[in-house]
Amino acid sequence: MLKFLIKFISIIYILSYIHSAQAGDAKAGAKVFNKCKACHGIDEGGKNKLGPNLWNIVGAPIAAKEGFKYSKYLLAYAEEAGNWNEENLDKWIKKPKDLVRKTKMIFPGLKKPKDRENIIAYLKANSN
Ligand code: HEC
């Protein structure tokens with residue numbers, strides 16, 4: 001019985017580890033988001049700063065936050081790509097200028113895939 005219990009618990013442990021390794025960790029993402037905070041708020045109905053508010057951004061139309069003056073380059077990308085999803089967000093956060101060459105988001109990007117995964121989990125958590 002004890003052996004069975006130990007096996008059971010270790011399987012649960014391994015599964016949760018695999019899950020968190022794949023899905024990204026919103027809590028860790030909140031920390032990484034400190035790098036974005038100078039320019040972005042993420043509270044619901046929050047104001048745009050130097051960059052647009054990022055509430056509900058995953059799945060949202062690109063460059064469509066009310067009252068923000070986007071560069072024509074991001075607007076052109078929006079025509080072509082439509083919405084933000086995990087794939088194009090990953091590219092954007094990795095190196096914005098690789099996705100939209102002349103964007104006015106002056107940010108070098110996050111090199112570590114884990115940081116990007118976590119930040120995307122955090123963005124997803126801040127949505128409805
Ligand atoms: C120095 C200021 C600055 C920093 C730092 C910054 N951004 Fe931005 N961000 C901007 C600006 C400005 C835009 C609008 C770009 C344009 O119009 O070309 C933008 C646009 C975006 C968009 C597109 C929003 C939309 O409405 O389509 C996302 C997503 C985004 N930023 C995420 C991030 C994340 C995540 C970080 C941190 C890893 C970050 N940004 C760091 C200034 C910044």
Side-chain angles (χ1 to χ4, degrees):
M1 180 64 191
L2 187 65
K3 251 191 185 165
F4 173 76
L5 208 66
I6 291 172
K7 241 190 199 158
F8 182 73
I9 290 171
S10 50
I11 286 172
I12 298 280
Y13 181 79
I14 290 166
L15 283 180
S16 70
Y17 178 79
I18 291 172
H19 179 78
S20 69
Q22 282 178 342
D25 175 352
K27 250 194 192 159
K31 264 196 193 153
V32 189
F33 194 74
N34 283 331
K35 297 190 175 162
C36 323
K37 268 187 181 164
C39 304
H40 291 289
I42 193 161
D43 47 326
E44 187 174 7
K47 283 197 187 128
N48 300 319
K49 302 204 250 177
L50 214 65
N53 179 278
L54 294 180
W55 169 260
N56 231 357
I57 197 71
V58 186
I62 297 167
K65 294 283 182 170
E66 217 171 295
F68 186 80
K69 201 164 167 13
Y70 292 95
S71 68
K72 62 181 178 189
Y73 308 102
L74 191 61
L75 289 168
Y77 177 69
E79 295 258 311
E80 167 198 324
N83 289 46
W84 287 118
N85 54 47
E86 291 186 33
E87 210 184 315
N88 56 17
L89 269 174
D90 183 72
K91 285 188 188 145
W92 174 252
I93 297 166
K94 184 175 181 190
K95 199 171 175 195
K97 287 199 184 294
D98 272 0
L99 195 68
V100 180
R101 203 163 57 86
K102 292 183 176 170
T103 176
K104 63 176 183 178
M105 172 157 148
I106 308 300
F107 182 74
L110 299 174
K111 288 215 174 70
K112 289 188 200 153
K114 193 82 215 164
D115 282 352
R116 299 197 301 274
E117 244 171 56
N118 290 342
I119 220 164
I120 290 169
Y122 177 74
L123 294 176
K124 279 165 94 178
N126 285 279
S127 64
N128 51 16

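We count ligands from 1, going down the list as the structure has it; atoms in each ligand are counted the same way.
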Next on the checklist: Tell me whether Asn88 contacts the main-chain N or O of Asn83 through its side chain, where contact means a donor paired with an acceptor under 3.5 Å.
Outcome noted: yes
The atoms of ligand 1 lying under 4.0 Å from a heavy atom of Ile62, numbered in the order shown, are 27 (O)
Short version for Phe68: what comes under 4.0 Å of ligand 1, heavy atoms counted, is side chain
At under 4.0 Å between heavy atoms, what of Val100 touches ligand 1? The answer is neither
Among non-hydrogen protein atoms, atom 39 (C) of ligand 1 lies closest to Met105 CE, 3.2 Å
Tightest non-hydrogen contact, residues Tyr70 and Pro52, listed as OH-CB, 3.6 Å
In ligand 1, the atoms that come under 4.0 Å of a heavy atom of Leu50 are 12 (C)
If we number the atoms of ligand 1 from 1 as shown, the ones under 4.0 Å from a heavy atom of Leu89 are 29 (C)
(Q) Can you see whether Asn34 engages Lys37 through a side-chain donor-acceptor pair at a distance of less than 3.5 angstrom? (A) yes
* Is a side-chain donor or acceptor of Asn128 paired with a backbone partner of Asn56 at a separation under 3.5 angstrom? -> no
Atom 24 (C) of ligand 1 sits nearest the protein heavy atom Pro52 CG, 3.6 Å
**Message:** Any side-chain to backbone donor/acceptor pair from Asp25 onto Asn118? Under 3.5 Å, distance only.
**Reply:** no
Any donor-acceptor pair under 3.5 Å linking the side chain of Asp90 with the backbone of Glu87?
no
Numbered in order shown, the ligand 1 atoms found under 4.0 Å of a heavy atom of Lys65 are 26 (O)
Do other residues, nucleotides or ligands put more than 12 heavy atoms under 6.0 Å from the NZ atom of Lys104? yes
Nearest non-hydrogen protein atom to atom 32 (C) of ligand 1, with distance, is Leu54 CD1, 3.6 Å
Closest to atom 34 (C) of ligand 1 by heavy-atom distance, out of Gly29, Ser71, Cys36, is Cys36
Taking only non-hydrogen atoms of Tyr70 and a 4.0 Å limit, the atoms of ligand 1 in range are 17 (O), 25 (C), 26 (O)
If we number the atoms of ligand 1 from 1 as shown, the ones under 4.0 Å from a heavy atom of Thr103 are 15 (C), 16 (C), 18 (O)
Would you say Lys69 and ligand 1 have an N/O pair spaced under 3.5 Å apart? no
For the side chain of Arg116 and the backbone of Ile93, is there at least one donor-acceptor N/O pair under 3.5 Å apart? no
For Lys94, I'd like to know if atom NZ has over 12 heavy atoms of other residues, nucleotides or ligands within 6.0 Å.
no
Does Ala63 reach ligand 1 with a nitrogen or oxygen that is under 3.5 Å from one of the ligand's nitrogen or oxygen atoms?
-> yes
the protein heavy atom lying closest to atom 7 (N) of ligand 1 turns out to be His40 NE2, 2.8 Å
Look at atom NZ of Lys49 and say whether more than 12 heavy atoms of other residues, nucleotides or ligands are closer to it than 6.0 Å. yes
What one should report as the nearest heavy-atom pair of Tyr73 and Lys102 is CD1-O, 3.4 Å
Ile57 heavy atoms within 4.0 Å reach ligand 1 at atoms 24 (C), 25 (C), 26 (O)
Please indicate whether Lys65 has more than 12 foreign heavy atoms, meaning atoms of other residues, nucleotides or ligands, lying under 6.0 Å from its NZ.
-> yes
task = Give yes or no for whether the N/O distance cutoff of 3.5 Å, strictly under, is met between Lys35 and ligand 1.
result = no
Residue, atom and distance of the protein heavy atom nearest atom 22 (C) of ligand 1 read Trp92 NE1, 3.4 Å
If you scan protein heavy atoms around atom 2 (C) of ligand 1, the nearest is Cys39 SG, 1.9 Å
* Phe33: heavy atom below 4.0 Å from ligand 1, yes or no? -> no
Near Trp84 (heavy-atom distance under 4.0 Å), the atoms of ligand 1 are 23 (C), 24 (C), 25 (C), 27 (O)
* To do: Could you tell me whether a side-chain N or O of Lys97 sits under 3.5 Å from a main-chain N or O of Thr103, the two making a donor and an acceptor?
  => yes
